[in-house]
Colleague: 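Quick one: structure below, then a few questions.
Throughout, a chain's letter reflects where its sequence line sits, starting with A, and its residues are numbered from 1.
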Amino acid sequence: MVHAQRLKLLEAMASQPTGPETLRLCAAAAQLLGAAGAGLTIAVDGSTVELGAATAVGAQLAELEFALGQGPATTAHQDGVLIEVPDLALDRMWPVLAPAAMALDLRAVVSLPLRRGSIRLGALTVCWADPGARDDEELGIALSAGRLALDLVLAMQTSQPDGQLDEILADGAAFTAPIHQASGMIAAQLGVPVGTALTLLRARAFADGSTLADLATEVLGRRLRFDTEPGPDAGPTARPDPGPDIGPDIGPPTGSGPGPP
Amino acid sequence: MSPARTAVADPERLLIATFVAAADTLVEDFDVVDFLSTLAERVVELGFASEVGILLADEAGDLQVLAASHERTHLLELFQVQREQGPCQDCFTSGTTVSVHDLEQERERWPQFTPRALETGFLAVHAVPLRLRGTVLGAMNLFHEQPGGLDEDAGRAIQALADVATIGLLQQREVHRAHMVQAQLQHALNSRIGIEQAKGVLAERAGISVDDAFDRMRRFARGRNRKMADVAGDVVAGRLGTDDLPRRRR
């Protein structure tokens with residue numbers, strides 16, 4: 001049974017146009033399940049999810065989830081169990097995400113944690129345009145796709161040298177790069193940790209009803225600042241950051257902290 | 001620790017519990033030695049042997065004593081490993097069960113092991129391989145204080161226990177490998193995010209583009225032979241400022 005489902009998936013993957021295996025897996029899962037899209041997300045620090053690969057609609061949902069900091073992949077990853085919402089209109093789990101996902105014409109989602117024992121890497125999320133519960137056969141295929149996704153990610157990353165992210169996974173997560181850059185700028189403007197800066201950026205995007213990506217573009221284009229100072233007039237040597245100041249000359253390489261070597 | 005040949009009220013339940021424990025290798029605090037020690041004790045409790053020892057091959061392919069139901073068995077197994085001689089060694093090398101119903105008859109086969117086993121008080125021994133298809137991980141030794149073989153049911157149960165133990169061990173190795181990849185993946189992702197954040201921090205402080213910020217950090221990292229991720233971490237934490245990362249001189 002499990003073997004048969006995996007074979008079906010592999011066949012469907014083989015029939016997809018050439019591309020990264022992760023993307024083909026998402027497309028194959030969506031095709032077999034009659035879904036609008038699917039996305040593979042990888043978790044960072046236990047909560048933030050970064051996109052690994054996704055079909056178009058799958059990516060939209062993943063970006064929404066990244067912007068709002070809540071959603072099926074986050075819940076599936078954190079709880080470590082399959083999450084199924086047959087109708088987003090009736091959902092109480094994600095009060096902010098559910099209506100936003102419905103605005104993307106999505107009504108049902110299933111998310112599988114990429115999990116083996118205590119290992120948790122992220123989630124594979126499949127979404128449908130129409131409401132409805134999945135039957136056993138469909139859940140079986142979805143579970144199989146989740147297992148295959150875990151195997152794929154592990155296999156792709158296994159041969160990487162230390163500190164290097166597999167290129168395909170890095171490409172998949174590239175959309176968050178400007179958002180992290182903008183978070184860095186905001187952190188410098190306000191003298192707050194970058195994590196706080198990302199939260200502020202998310203809050204602003206939500207309040208303005210704009211996307212995180214658009215807002216990040218504004219920040220990076222210096223058309224939007226988060227501090228009260230007017231305009232980007234900081235000179236090349238300006239250091240508004242009130243953090244620890246070691247002075248203009250750095251000593252020998254300090255490793256990662258101010259502690260003893 | 002239970003003495004040998006303890007009567008068990010419900011052997012079937014104990015057998016099932018052993019299978020469940022063997023299948024439970026995916027839990028976070030799974031410990032190979034605990035697992036194999038429990039297995040050895042259970043085989044004794046179930047009445048399949050007077051005493052049990054379990055050996056696994058290390059990375060170099062040499063057998064190591066991982067568990068024993070009793071200390072004297074532990075010593076006997078160590079002796080086997082050191083002399084590279086005995087039923088367990090043969091079982092591991094051949095990948096097949098070695099059954100000796102009467103050790104007295106096997107003095108020539110293992111001239112060093114046999115007298116030692118008899119001295120310890122064992123008259124029969126069964127060595128069962130822990131193997132899955134071509135992979136032999138080690139062997140389980142069942143020592144008996146009475147001569148004779150295992151009946152068919154006991155033989156099947158022992159083989160099943162050995163198989164489940166093998167699958168558990170293979171799974172655990174896989175999980176261990178996956179853990180290392182997971183840590184590596186998280187590290188790589190965090191480095192990547194940290195570099196993006198640092199670009200933004202430096203771009204803001206120095207009033208330059210993120211591309212120029214990246215360029216400055218990269219030149220600094222190369223010049224000092226430091227990792228980009230570490231330099232980025234210092235920029236984000238404020239340990240490196242704009243003065244430390246000079247612009248390019250052309």
Colleague: Side chain, backbone, both or neither: which part of A:Leu169 has a heavy atom under 4.5 Å from chain B?
Modeller: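 Side chain only.
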
Colleague: Which residue pairs pass the side chain to side chain donor-acceptor pair (under 3.5 Å) test when at least one of the two sits in residues 163-177 of chain A, sequence neighbours left out?
Modeller: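 Qualifying pairs, neighbours excluded: A:Glu50-A:Thr176.
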
Colleague: Relative to chain A, which of B:Glu196, B:Arg177, B:His187, B:Lys199 shows the most heavy atom pairs under 4.5 Å?
Modeller: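 Ranked by contacts with chain A, first place is B:Glu196.
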
Colleague: Counting only heavy atoms closer than 4.5 Å, note whether B:Leu185 contacts chain A via side chain, backbone, both or neither.
Modeller: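 Both backbone and side chain.
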
Colleague: Relative to chain A, which of B:Ile195, B:Asn190, B:Val231 shows the most heavy atom pairs under 4.5 Å?
Modeller: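 Option with the top pair count is B:Asn190.
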
Colleague: Looking only at heavy atoms, what is the nearest atom pair of A:Ala170 and B:Arg192, with distance?
Modeller: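 Looking at all heavy atoms of both residues, the closest pair is O-NH2, 3.8 Å.
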
Colleague: Atom CG of residue position B:Asn225 - does it have more than 12 heavy atoms of other residues, nucleotides or ligands inside 6.0 Å?
Modeller: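 Check fails, neighbour count at 12 or below.
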
Colleague: Among side-chain atoms of B:Gln197 and A:Gln181, is any donor-acceptor pair under 3.5 angstrom?
Modeller: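 Not at all, the side chains of B:Gln197 and A:Gln181 share no donor-acceptor pair under 3.5 Å.
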
Colleague: Heavy-atom distances under 4.5 Å only: say whether B:Ala203 touches chain A with side chain, backbone, both or neither.
Modeller: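 Both backbone and side chain of B:Ala203 come within 4.5 Å of chain A.
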
Colleague: Indicate the atoms forming the closest heavy-atom contact of A:Arg225 with B:Glu204, along with that distance.
Modeller: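 For A:Arg225 and B:Glu204, the tightest heavy-atom pair comes out as NH2-OE2, 2.8 Å.
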
Colleague: Heavy-atom count check: over 12 atoms from other residues, nucleotides or ligands less than 6.0 Å from A:Phe175 CZ?
Modeller: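 Yes.
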
Colleague: So for A:Leu198, is it side chain, backbone, both, or neither that comes closer than 4.5 Å to the heavy atoms of chain B?
Modeller: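 No part of it gets close to chain B.
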
Colleague: Any heavy-atom pair between the side chains of B:Gln182 and A:Leu121 that's under 4.5 Å?
Modeller: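 A side-chain contact under 4.5 Å exists here.
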
Colleague: Test of understanding: with side chain to side chain donor-acceptor pair (under 3.5 Å), list the residues that count as partners of A:Asp79, not counting sequence neighbours.
Modeller: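 Residues passing side chain to side chain donor-acceptor pair (under 3.5 Å) with A:Asp79: none at all.
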
Colleague: Given heavy-atom pairs under 4.5 angstrom as the criterion, report whether the side chain, backbone, both or neither of B:Ala178 touches chain A.
Modeller: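 Both the backbone and the side chain of B:Ala178 come within 4.5 Å of chain A.
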
Colleague: Which bit of A:Ala182 comes within less than 4.5 Å of chain B, counting heavy atoms only: side chain, backbone, both or neither?
Modeller: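 The answer is neither part of A:Ala182.
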
Colleague: For chain B, which of A:Ala197, A:Ala177, A:Ser183 has the most heavy-atom pairs under 4.5 Å?
Modeller: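 Greatest number of close heavy-atom pairs with chain B: A:Ala177.
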
